[in-house]
Amino acid sequence: MKKPFSLLLSILILLLSLLPCAAAAGPEEVFGAAETIVGYKKSALGLSPEEKLFAGDFLKTAGSTAGDWYPFGLAALGLEDDFDAYLRALRANVRERYEADGTLSENKATEWHRITLAALSCGADPTRFCVTAAGEPVDLIADGVFYRKNVGRQGINGYIWALIALNTRDYAAPPDAINTKETLLAALLEKQLQNGGWAAAGDAADVDLTAMALIALAPLTQNNAEAKTAAEKAVSCLSSLQTETGGYVNGGVENCESCAVALTALCCLGIDPDTDARFLKNGRSLLNALLSYRLEDGSFTHAFVADPENPAAEPLTPNDMSCQQALYALAAFYHLRADGKNIFDFSNAPLSDAGWDVLPKAPSKARKAAESLGKKLSDFFADAKNRKTAVAAALALVTLAGAAALIVRRRRRRKA
């Protein structure tokens with residue numbers, strides 16, 4: 001009797017060993033990995049671990065992709081820093097761009113959407129974000145979503161992030177809005193491929209766009225049947241695109257950022273990317289794949305493959321975009337395990353509009369440009385020779401204008 005039992009036990013153990021499995025990571029381990037990204041970034045800027053990241057030269061990146069994802073990631077993790085300093089720099093950046101160009105970007109609606117996330121992370125109200133020197137209020141949600149005529153000029157990316165921006169606090173559209181949650185969702189669903197994914201062009205699903213679309217759909221799946229069905233198809237698509245290493249390929253390269261955005265999307269949907277069977281390949285999870293890009297200094301690298309044009313190139317170097325996206329992806333996983341919070345949900349976040357209508361003492365870029373032109377003119381006319389030249393040129397212009405007027409009058413008399 002013992003022999004058959006032993007045989008059955010051995011078979012059972014063998015079968016269990018063949019099942020996909022991954023070492024589950026706890027929230028503390030993931031939180032620690034995220035903290036080391038911040039430590040690396042400080043070190044790269046010449047800061048000590050005790051100093052604030054949001055200071056000095058780093059504040060020059062406020063209002064850009066290089067800067068705005070850091071307050072988003074740090075806030076999601078609950079890490080302390082000088083968020084007020086970043087907010088001041090962000091408001092100054094937005095104000096100067098509005099004063100100089102009347103807008104943030106003609107082509108990229110996502111400028112408003114990313115800055116909205118940074119503003120919310122700093123505890124500011126994006127609908128009362130700042131005012132220009134002329135006293136014109138800047139409403140990031142109205143200008144970047146509700147009344148943005150060309151939100152789709154970027155392609156599917158514009159619709160995705162506009163929807164994400166609206167979902168942050170469930171913003172209700174005004175009656176005359178050009179874009180609403182309903183219209184953005186319809187545009188997104190219309191572009192979903194048969195295989196459940198999304199692509200910038202063609203019918204081959206793009207990992208990053210599919211994952212970002214899932215982030216946009218996640219809050220809507222509870223009450224919208226179409227959004228739920230679309231999300232289910234997209235999750236299946238992401239599962240099918242996963243490689244045997246547990247990661248993802250984009251642009252022909254298996255890379256960190258695709259892992260990060262896919263992991264973030266699953267966490268927003270409440271799907272555990274470290275244990276869900278659909279995202280375990282050869283015993284490796286999506287979280288395993290993301291953490292494999294982590295370097296000894298706490299940073300993350302883009303890819304492990306060498307440059308095709310230079311096989312001898314060293315690929316294991318820190319990449320700032322990889323660090324940014326890994327930071328908020330790890331924050332998303334931390335919250336999935338710790339409290340189930342969606343890191344893009346700011347519905348219960350306390351916001352303040354204090355200081356939104358205060359103009360800084362420092363002149364804006366537009367004002368600086370005007371002052372610079374005034375100084376150049378002043379310096380020019382300070383020189384006696386330049387003054388003579390300018391007076392002669394002015395007299396010549398006046399003479400020409402007078403002669404032209406006289407010719408016009410004579411022609412009119414002849415016609416009469």
*Asks:* Is the shortest heavy-atom distance from the side chain of R284 to the side chain of S292 under 4.5 Å?
*Replies:* yes
*Asks:* Please answer whether the main-chain N or O of L53 pairs with a side-chain N or O of Y86 as donor and acceptor at a distance below 3.5 Å.
*Replies:*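 Not confirmed, Y86 side chain does not pair with L53 backbone.
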*Asks:* Kindly indicate whether the side chain of W69, heavy atoms from C-beta on, has any atom under 4.5 Å from the side chain of R114.
*Replies:*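 Yes, side chains in contact.
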*Asks:* Short question: side chain of D125, backbone of L351 - any donor-acceptor pair under 3.5 Å?
*Replies:*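 No.
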*Asks:* Is it true that D139 and T127 share a donor-acceptor pair across their side chains at a distance under 3.5 Å?
*Replies:* no
*Asks:* Going by an N to O cut-off under 4.0 Å, is there a salt bridge joining R128 and D357?
*Replies:*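 Judged by the 4.0 Å cut-off on N to carboxylate O distance, R128 and D357 do not form a salt bridge.
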*Asks:* Between K52 and D82, is the closest basic N to carboxylate O distance under 4.0 Å?
*Replies:* no
*Asks:* Would you say the ring centers of Y70 and F58 fall short of 6.0 Å from each other?
*Replies:* yes
*Asks:* Look at the side chain of K42 and the backbone N and O of P49, then say whether any donor-acceptor pair between them is shorter than 3.5 Å.
*Replies:* yes
*Asks:* Which class fits the ring pair F83 and F54: parallel under 30°, tilted 30 to 60°, perpendicular over 60°?
*Replies:* perpendicular
*Asks:* Which distance, rounded to the nearest 0.5 Å, do you find between the CD1 of I343 and the CZ of F333?
*Replies:*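 These two atoms lie 13.0 Å from each other.
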*Asks:* Take T301 and N319 through the test side-chain hydrogen bond (donor to acceptor under 3.5 Å, both in side chains) and record every step on the way to the result.
*Replies:* CA-CA 5 Å; T301 191; N319 179 283; over 6 Å; no
*Asks:* Look at the rings of F304 and Y293 and say which category their plane angle falls in: under 30° parallel, 30 to 60° tilted, over 60° perpendicular.
*Replies:* parallel
*Asks:* Within the 3.5 Å criterion, strictly below it, is a donor on Y98 or D143 matched to an acceptor on the partner's side chain?
*Replies:*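 Looking only at side-chain atoms, D143 and Y98 do form a donor-acceptor pair, the distance falling under 3.5 Å.
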*Asks:* Could you state the interatomic distance from CG (D272) to CZ (R337), rounded to the nearest 0.5 Å?
*Replies:*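 Rounded to the nearest 0.5 Å, the CG-CZ separation comes to 4.0 Å.
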*Asks:* Give a yes or no answer on whether the side chain of S239 reaches the backbone of V235 with a donor-acceptor pair at less than 3.5 Å.
*Replies:*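 No, the answer is negative, given that no donor and acceptor are paired below the 3.5 Å cut-off.
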*Asks:* Going by the angle between their ring planes, with limits at 30° and 60°, are F344 and F72 parallel, tilted or perpendicular?
*Replies:* tilted
*Asks:* Should we say atom CD of E226 is surrounded by more than 12 heavy atoms from elsewhere, each under 6.0 Å from it?
*Replies:* no
*Asks:* Would E254 and Y248 count as a side-chain contact (heavy atoms from CB on, under 4.5 Å) here? Give the steps.
*Replies:* CA-CA 5 Å; E254 196 159 349; Y248 287 99; 5.9 Å; no
*Asks:* Whether the side chain of S64 engages the backbone of T61 through a donor-acceptor N/O pair (distance < 3.5 Å, no angle test) should be reported.
*Replies:* yes
*Asks:* Salt bridge check, K341 against D339: does any charged N sit closer than 4.0 Å to a carboxylate O?
*Replies:*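 Result for this pair is no, no salt bridge flagged.
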*Asks:* Do D84 and R88 touch side chain to side chain, with heavy atoms closer than 4.5 Å?
*Replies:* yes
*Asks:* For the CG atom on D176, are there more than 12 heavy atoms of other groups (residues, nucleotides or ligands in this structure) within a distance under 6.0 Å?
*Replies:*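 Yes, the 6.0 Å shell around CG holds more than 12 heavy atoms from other groups.
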*Asks:* Can you check side-chain contact (heavy atoms from CB on, under 4.5 Å) on L45 and E51, steps first, answer last?
*Replies:* CA-CA 11 Å; L45 292 170; E51 290 181 281; over 6 Å; no
*Asks:* Can you find a heavy atom in the side chain of S322 that is under 4.5 Å from one in the side chain of E257?
*Replies:* yes
*Asks:* Using side chain to side chain contact (heavy atoms under 4.5 Å, CB included) as the criterion, point out the one residue from T210, L286, I271 that pairs with L238.
*Replies:*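 The passing option is T210.
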*Asks:* Would W356 and L87 satisfy side-chain contact (heavy atoms from CB on, under 4.5 Å), going step by step from the backbone distance to the final call?
*Replies:* CA-CA 10 Å; W356 80 282; L87 178 57; over 6 Å; no
*Asks:* With the side chain counted from C-beta on, respond yes when D170 and K181 share a heavy-atom pair under 4.5 Å apart, and no when they do not.
*Replies:* yes
*Asks:* Nearest 0.5 Å, what's the CE-CG distance between M212 and L163?
*Replies:*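 With rounding to 0.5 Å, CE (M212) is 13.0 Å from CG (L163).
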*Asks:* Donor-acceptor pair, R91 side chain versus F129 backbone, under 3.5 Å?
*Replies:*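 Yes; at least one donor-acceptor contact below 3.5 Å.
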*Asks:* Between atom OG1 of T116 and atom CD of E111, what is the distance when rounded to the nearest 0.5 Å?
*Replies:*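 Answer rounded to 0.5 Å: 11.0 Å.
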*Asks:* Are a donor atom and an acceptor atom from the side chains of R95 and N93 found within less than 3.5 Å of each other?
*Replies:* no
*Asks:* Working to the nearest 0.5 Å, report the span between CG of L263 and CG of L330.
*Replies:* 7.5 Å
*Asks:* Measure from the side-chain N and O atoms of E99 to the backbone N and O of A133, and report whether any donor-acceptor pair falls under 3.5 Å.
*Replies:*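 Yes: the side chain of E99 pairs with the backbone of A133.
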*Asks:* Got Q154 and W161 here, is their nearest side-chain heavy-atom distance under 4.5 Å?
*Replies:* no
*Asks:* Looking only at atom types and distance, does a side-chain atom of N150 sit under 3.5 Å from a main-chain N or O of E106, one as donor and one as acceptor?
*Replies:* yes
*Asks:* Give the intermediate values and the outcome of side-chain contact (heavy atoms from CB on, under 4.5 Å) for residues L117 and F346.
*Replies:* CA-CA 9 Å; L117 290 170; F346 288 84; 4.1 Å; yes
*Asks:* Got a donor-acceptor contact below 3.5 angstrom from the S285 side chain to the N288 backbone?
*Replies:*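 Checking the backbone N and O of N288 against the side chain of S285, a donor-acceptor pair under 3.5 Å is found.
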*Asks:* Please check this pair: side chain of N224 against backbone of A227, looking for a donor-acceptor N/O pair closer than 3.5 Å.
*Replies:*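 Confirmed, N224 side chain pairs with A227 backbone.
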*Asks:* Side chains of Q324 and D68: does their closest heavy-atom pair fall under 4.5 Å?
*Replies:*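 They are not in contact (no side-chain heavy atoms under 4.5 Å apart), so the answer is no.
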*Asks:* State, with a plain yes or no, whether a side-chain heavy atom of I164 is found less than 4.5 Å away from one of H113.
*Replies:* no
*Asks:* How close do A218 and T221 get, counting heavy atoms only, and between which atoms?
*Replies:* O-OG1, 2.8 Å
*Asks:* To the nearest 0.5 Å, how far apart are CD1 in I115 and CZ in R97?
*Replies:* 5.0 Å
